[in-house]
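First up is the structure itself, then whatever we jot down about it.
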Amino acid sequence: MASDLLANLNPQQRKAVTLPDVSSLVLAGAGSGKTSVLISRIAYLLENNMCSPGEIFAVTFTNKAAKEMMTRLQARMPLNTRAMWVGTFHGLCNRLLRLHHEAAGLPAAFAILDMSDQLGAIKRIMKANNISEEVLPARKIQNYINKQKEEGLRAKDIKPYGFGERELLRVYEIYEKVLVREGATDFGELILRTYELLKNNEPLREHYQARFKYILIDEFQDTNKLQYNLLKILGGYGRQDRKPNALFAVGDDDQSIYAFRGANVGNMKDFLRDFMITDPIRLEQNYRSQGNILDAANYLISNNRERLGKNLWTEAGKGDPIRIYKADNENEEAAYIVDTIKDFVRNGEDLRQIAILYRSNAQSRALETELTSRGVKYVVYGGLRFYDRAEIKNALAYLRLAENIADDSAFMRVVNTPARGIGAKTVETLLDLAKENKISLFEATSLLKGATANKVRVFTDIINDIRSKRFSLPLTALINYTVQRSGLQQMYEADENGQERLENLQELTSSAAAFLDQEGFKNNEDCENNDNLGPLTLFLSQATLEAGDNQAKAGEEAVQLMTIHASKGLEFNNVFITGLENGLFPHDKCMSEPKELQEERRLMYVAITRARKKLYLTYAAQRLLHGMSRYNVKSSFLDELPNTAIKWLSPKEDDDGLGQNYFNNSYSYSSKGYKDGREDYFQNRDSYRSKPVQKSENIPSWAQSIGFRKEEKKQVEKIRSQVKDNDGFNIGTKLSHERFGMGTIIGIEGQGADKKVVVKFNSAGTKTLLLAIAKKKLSII
DNA sequence: ATGTCGCTCGTTTTT
DNA sequence: CGAGCGACAT
């Protein structure tokens, strides 16, 4: 059977899978069969009795990856899934902390704050301590706290630089205390607590070091410092008295695109050094993309420095060239893409095999508009996730509070939802009482007096009621009861737009049922298989840790739209990478720092390597962004692709004006082969050319021709103020109309007695008014 | 307590 | 341009 397992592997893959009991790094290029290797490795360990399932600890980056791993393993062999620890860092840390909550200093039912809960908690702290949001935005503090935790630093470990950081640190300190009092954790806290638990608790450390003989890490380039330290401690790194565990790290430094949220590519080099690994295994044979696509990816990424080094190759042919298309604007870019998609469809291609990728979410709009109007089905990944929906969070907040009355985040969320007459004033009193007496908001309610106390009692009665039923009712019934008893049901029934929310709440019950089934619960007492945790506790933490997938609806045939970040790990026959313009991709904010530019380049590398067969790169000379039209120069990444692999589909050789040649001397259409690049596309479709380019009227051309930013906006305002006429009605003038209310002038037509103003009213829509007539009904504000 | 107005800001994001 | 939020009015 072992030979069976290895039959389909290439020599490098086989080497990785069959490694003995040692630590190793597998540099797995895009499309090199990384997931298969990881799964085969586990199967190999088990089939050769190198360890039991209970001795495996496998970390992935997303829940999706963890699930896929389990599914594929189970398809291969019968498994005790519960014994094997497979999951995300956060999921596994949560599991460990629940098991040892006492040792970790947490209540059994500790809450997990998601990002918005965390932000809310910080805002609450700021208010209580008179820290103005204007001086120190809550988001900044949140960022700061999370960064520190990712580095493994508690407030007490930090020596602040200057006043600014001292203030940040002060909030961090209070935040730590508040979380302890609330019996709550956050995402960073799950990891940090686990790390500290193992570090400070010798028996536990010994136990887990002895237990997890094989530690496997997927997407190792995405780990942060704290996570790496956790892996080291779990693996018994640095111990002289016994052999350390085997860490099997799989990753690709060229696909590290999450530095902005703490991922530290440096971990890969540190890992080689720390574990004295001299020969990382390179998986360089690519089974996904055609030659030209791979050539382009290799050529582009070779511009990055400090790579561990790797060159993808394929046995497949060169395939189609990568096509580059320049559009006049974002609408035409979309039109070109949809045209091409229609061609694919005519040739029988599956819509699911077509992906449109972009750097930032805002870019999907123009694409969606075009796809809709031309009747092409599409799915956008990365919208609002299930557990992020307000109605779901509300229902869960009731349950959270029932489970842990100290959970102030949950309290704040639902104390007046649905509205029951508990306003800002009451909440403020409660916050004061809670702060004074160092108790939770829920406990503080007992200190209220008079009519307010009675109003609040309605709420606390609900919570107590749900709380009293949380062990006796099965989870699904408990959720239904909560939705009823809380008044959420009635609230959404009364709301004419509440239908969908009610359906989502129904769905919450179904998802709980599915969850129980998946976890193997038969009834509430049936906890032995689940580390003795109750279903509600498990369900609530999974709700936060798996905010819900953004997958396309199963079976639905649709073009796939997503950011490049979201596309990591996926593959498609046909890929469009859009918005290849300097400022957009690479993004403005990443162009000055070489480090950030390199991350942008890796992002481009990820995007390119998503494609199996056909790859289209598009950009628009003009793009409407933030309601402002701006001219763009094509992305410098386009200059980093090998001529042999690309084909320019440029409709015209010299239509750039100020654009390309002026700003980018390395650019030349002819050298990129415009002539042979003219495909039949342009013979049939000059219509795009004839479409008038919509220029933004109010901006001087000099300002349009360069990236149009805030500083320039001010100058434009100045110039405009010099040329406006003196009757006071100009573009931008705010006015009020007797009948139509408030509005802003967005256009001027005619002059003198014929002068008309186009006014966009705040509620009455846009109207064109003849000034001579309308004047008496108008007043300038 | 709730709704409306107007200002600001605008990469990527999983857990 | 448009989401989100805080200030202000009803």
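Proteins come first, then strands; the chains are lettered A, B, ... in the order of their sequence lines, and each starts at number 1. In what follows, every heavy atom counts, from backbone to side chain, and hydrogens, waters and symmetry copies are set aside.
Residue A:G421 is classed as a sugar-phosphate contact, given heavy-atom separations below 4.0 Å to backbone atoms only. Counting non-hydrogen atoms under 4.0 angstrom, A:D222 reaches nothing in the nucleic acid. Within the 4.0 angstrom heavy-atom criterion, no nucleotide atom of any strand lies near A:K425. At a threshold of 4.0 angstrom between heavy atoms, the contacts of A:L113 with the nucleic acid are absent. Backbone-only contact: A:N361 has heavy atoms under 4.0 Å from sugar-phosphate atoms and none from a base. Counting non-hydrogen atoms under 4.0 angstrom, A:D114 reaches nothing in the nucleic acid. Across all strands shown, A:F585 has no heavy atoms under 4.0 Å from either base or sugar-phosphate atoms.
For the pair A:R420 and B:dA1, the criterion of a side-chain N or O lying under 4.0 Å from OP1 or OP2 is not met. Checking the phosphate oxygens (OP1, OP2) of C:dG6, a side-chain nitrogen or oxygen of A:K123 falls inside 4.0 Å. Dashed line: the shortest gap from a side-chain N or O of A:N146 to OP1 or OP2 of B:dT15 is not under 4.0 Å. Considering only side-chain N and O atoms, A:T88 lies nowhere under 4.0 angstrom from the phosphate OP1 or OP2 of B:dT14.
Note: CG (A:L603) to P (B:dT12) measures 11 Å, nearest angstrom. With rounding to whole Å, A:D186 atom CG is found 17 Å from B:dT14 atom P. Atom C1' of nucleotide B:dT13 and atom OH of A:Y381 are separated by 17 Å, given to the nearest angstrom. The separation between A:R139 atom CZ and C:dA3 atom P is 17 Å, rounded to whole Å. Separating the CG atom of A:L384 from the C1' atom of B:dT13 is a distance of 14 Å, rounded to the nearest angstrom. Straight-line distance from the CG atom of A:L545 to the C1' atom of B:dT13: 15 Å, rounded to whole Å. Between A:Q363 atom CD and C:dG2 atom C1' there is a gap of 16 Å when expressed in whole angstrom units. One interatomic measurement links the two molecules: CG of A:N143 to P of B:dT13, which rounds to 15 Å at whole-angstrom precision.
Toward the 5' end of DNA chain B, the nearer of the two residues A:F187 and A:H626, judged by each one's closest nucleotide, is A:H626. For the pair A:M115 and A:E600, nearest-nucleotide mapping onto DNA chain B gives the more 5' position to A:E600.
Between the side chain of A:Q542 and the backbone N or O of A:F539 there is no donor-acceptor pair closer than 3.5 Å.
The aromatic ring centroids of A:F61 and A:Y258 lie less than 6.0 Å from each other.
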(request) Begin from the C-alpha positions of A:F260 and A:H565 and carry the test ring-ring contact (aromatic ring centres under 6.0 Å, His included) through to its verdict. (result) CA-CA 12 Å; A:F260 71 92; A:H565 283 92; 5.7 Å; yes
(message) A:D328 vs A:R623, test: salt bridge (charged side-chain N to carboxylate O under 4.0 Å, His left out). Steps then yes/no.
(response) CA-CA 8 Å; A:D328 287 336; A:R623 185 179 293 274; over 6 Å; no
(request) Kindly determine whether A:R154 and A:E189 satisfy salt bridge (charged side-chain N to carboxylate O under 4.0 Å, His left out), including the steps that lead there. (result) CA-CA 10 Å; A:R154 293 285 181 195; A:E189 186 69 27; 2.9 Å; yes
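At a cut-off of 3.5 angstrom, the base of B:dT11 holds no donor-acceptor pair with the side chain of A:H587. Taking only distance into account, the side chain of A:R261 never meets the base of B:dT12 through a donor-acceptor pair shorter than 3.5 Å.
Under 3.5 Å, the side chains of A:Q363 and A:S360 contain a donor-acceptor pair of N or O atoms.
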